[in-house]
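Everything numeric in this text was worked out from a predicted model, so none of it was measured.
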Amino acid sequence: MLSKIHNLEDYAVAYRKSVNEPEKFWATVADSFVWRKKWDQVLDHDFEDYKVEWFKGGKLNITENCLDRHLLSRADKTAIHWVPNNPKEADRVLTYRQLHEEVCKTANMLKAQGVKKGDRVCLYMPMVPELAISVLACARIGAIHSVIFAGFSASALASRIEDAEAKVLLTANAAPRGAKIVPLKEIVNDALSQVSCIEKCIVLKRTDDPVEMKANRDVWWHDAMLTVSNECEAETMDSEDPLFILYTSGSTGKPKGVVHTTGGYMVYTAYTFQNVFQYEENDVYWCTADIGWITGHSYIVYGPLLAGATSVMFEGVPTYPDAGRFWRIVDRLKVNIFYTAPTAIRALMAQGLEYVELYKLDSLKVLGTVGEPINREAWEWYHQHIGKGHCPIVDTWWQTETGGIMISPIAGVLPTKPTYATLPLPGIQPVLLDADGNELEGKGVEGNLCVKYPWPSMLRTTWGDHERCKSTYFSTYKGYYFTGDGCRRDEDGYYRILGRVDDVMNVSGHRLGTAEIENAINMHDAVVESAVVGYPHPIKGQGIYSYVICDPEKLEVTTMEEIKQEISEMVIDKIGKIAKPEWIQIVRGLPKTRSGKIMRRILRKIAAGEFDNFGDTSTLLDPSIVESIKEGARREK
Ligand code: ATP
Ligand code: MG
């Protein structure tokens, strides 16, 4: 079994070893997996002309580690417990034995459709078991999966399929999501009219909605599965063979096809899953992310299955049929470990406590958050009302590119601190650099977060464009992986993510993180959510522009001008006069990507008085928000 960290001393020992003898450290972790052939060299790397290889020469198949090896001792244990969008529909439970069989069948189906090792398969599917199954089925036969979140538009889907040059697309006729049904196949038909690489499109019948099928290209999933055998020998893969391509969420620009490979990704996701969440054999674990994001890849599919865990998979949304949905599922399935995003926490917080108080939530042991900096209020609410004050919160900082969690508390082992991701995990060597690339030593410093040594699950390239990978991540600071995030190391040596570097403003020579100002604004009880950006200011260098969503009920009793005044006072009180926003615009919504992140570059443009040329906005959830913000901004100025 994997060596586990149980207390602060274990952490200190593991961390020290991982820095002093990284290759030895990771070789020991890797030893607990099934390899068809052991590696010849643990690590080979070059950060200048970027190349990283882990467990070089090693041969394996990740699905043997996720499935086959559990059949001896966990065959009848639940691997995936699926909860449908509609609470009246029945759950589906797959044991390790059943999951193994389904993966083998689907792998054979893909082969019968012409998929070979190295081919790309795109998946545009609802959060149903078949999604997890087909991810693993691809891995079983050495096809490279590229999951595209089933909320993307036809053009966003088409550009990703094209970039990956995928041969096969897996989809469903429709995807139930909350009270809506998303017509997936219709979107697919539109997307496929824009690309030429797809030979087969395999369509799962998720609902009874009729769809248009194209002869010779489209195949019903259930038909394709009719004659396949349930045995499928796993393909032997090289440790460095690509496992998947995943396009980043696109908050900062054109999405990048991040490539992860097999051996290192396996070792790191398993290690971090078990340690960060302090997973124990019979825990029920639930990550609410969508498999279309890296969180779903690493911590719904691979990490938990590598550990032989029971992983809950949820098709729906947090507020359907009501804002108690998450908590009802937690109670019903006795979930022990719960992992979600700040955006979900804030949405549920805004709905009021009555939806929480109906539930016991006494099975919960560990809570997690990921995706963006969590503001203090949301952290406290999560801690107090969901964790009842006794569940440690792991605020996990990481990225699509990092493959796994990088900086995070280890649940119950490292003391937490609201809004802090705390300390690096073993194997991770974060550094803070100033604008000139000097490492900032000591405590109480702030700079650009970089990593100075490879870890097993780091991205290997961006698909089809290695130069882009080099220039995005390895050229800003020579010899370092640059994360793009700003970060503070406080007096305790704890790390706090300040947001993207682009979001760190320089106001009259003072560096201010947008997250910090947003925290202060959000403390006003009429404020639901806010976003702060900098804009060019003739005297200060940068001025602060804030976009604020207010509770409509509060707006009825207080005027906008009064609320704005109070918000300003709040910021002055919490941070200081220097952080007082120049502009406060009350908005009905923020331009969010489909993964729930704010597209700040749009807000920055609007704040600077530029009302067009917003770049790629295909990942926006609701483009009409942009129009209404533009109108509002015109009125303000
Ligand atoms: P793109 O790179 O295409 O702009 P993205 O950065 O939003 O998209 P992800 O890889 O999903 O895509 O997100 C990683 C980013 O999310 C991090 O760089 C960081 O800014 C933010 N983030 C993730 N987890 C945390 C966390 N716990 N605390 C603070 N920020 C976080
Ligand atoms: Mg990013």
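Taking the six-membered ring where the residue is Trp, Phe244 and His297 present tilted rings, their angle falling between 30° and 60°. Taking the six-membered ring for Trp and thresholds of 30 and 60 degrees, Phe152 and Trp293 have ring planes more than 60 degrees apart, a perpendicular arrangement.
Annotation: Glu354, atom CD; neighbour count of heavy atoms from other residues, nucleotides and ligands within 6.0 Å is above 12. Within 6.0 Å of CG on Asp362 lie more than 12 heavy atoms contributed by other residues, nucleotides or ligands.
The CD atom of Glu357 lies 7.5 Å from the NE2 atom of His385; values are rounded to the nearest 0.5 Å. Of the inter-residue distances, the one linking Phe326 atom CZ with Phe338 atom CZ reads 5.0 Å to the nearest 0.5 angstrom. Taking CE of Met109 as the reference point, atom CD of Glu102 lies at 10.5 Å (rounded to 0.5 Å).
Side-chain contact, Tyr247 with Thr400: no donor N or O sits under 3.5 Å from an acceptor N or O.
Here Asp283 pairs with Lys365 under the salt bridge (charged side-chain N to carboxylate O under 4.0 Å, His left out) rule; sequence neighbours left out. Residues satisfying the side-chain hydrogen bond (donor to acceptor under 3.5 Å, both in side chains) criterion with Thr343, sequence neighbours excluded, are absent altogether.
Between Arg140 and Asp68 there is a salt bridge, since at least one side-chain N of the basic residue sits less than 4.0 Å from a carboxylate O of the acidic one. Ion pairing of Lys185 with Asp209 is absent here, as no side-chain N (NZ or NE/NH1/NH2) approaches a carboxylate O to less than 4.0 Å. One finds a salt bridge joining Arg92 and Glu130 here, because a Lys/Arg side-chain nitrogen approaches an Asp/Glu carboxylate oxygen to under 4.0 Å.
For the ring pair (Phe, Tyr, Trp, His ring centres under 6.0 Å) condition, the pairs that include at least one residue of residues 79-130, sequence neighbours left out, are His70-Tyr96.
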Carefully, step by step, assess Thr619 and Met599 under the rule side chain to side chain contact (heavy atoms under 4.5 Å, CB included).
-> CA-CA 9 Å; Thr619 62; Met599 230 186 235; 3.0 Å; yes

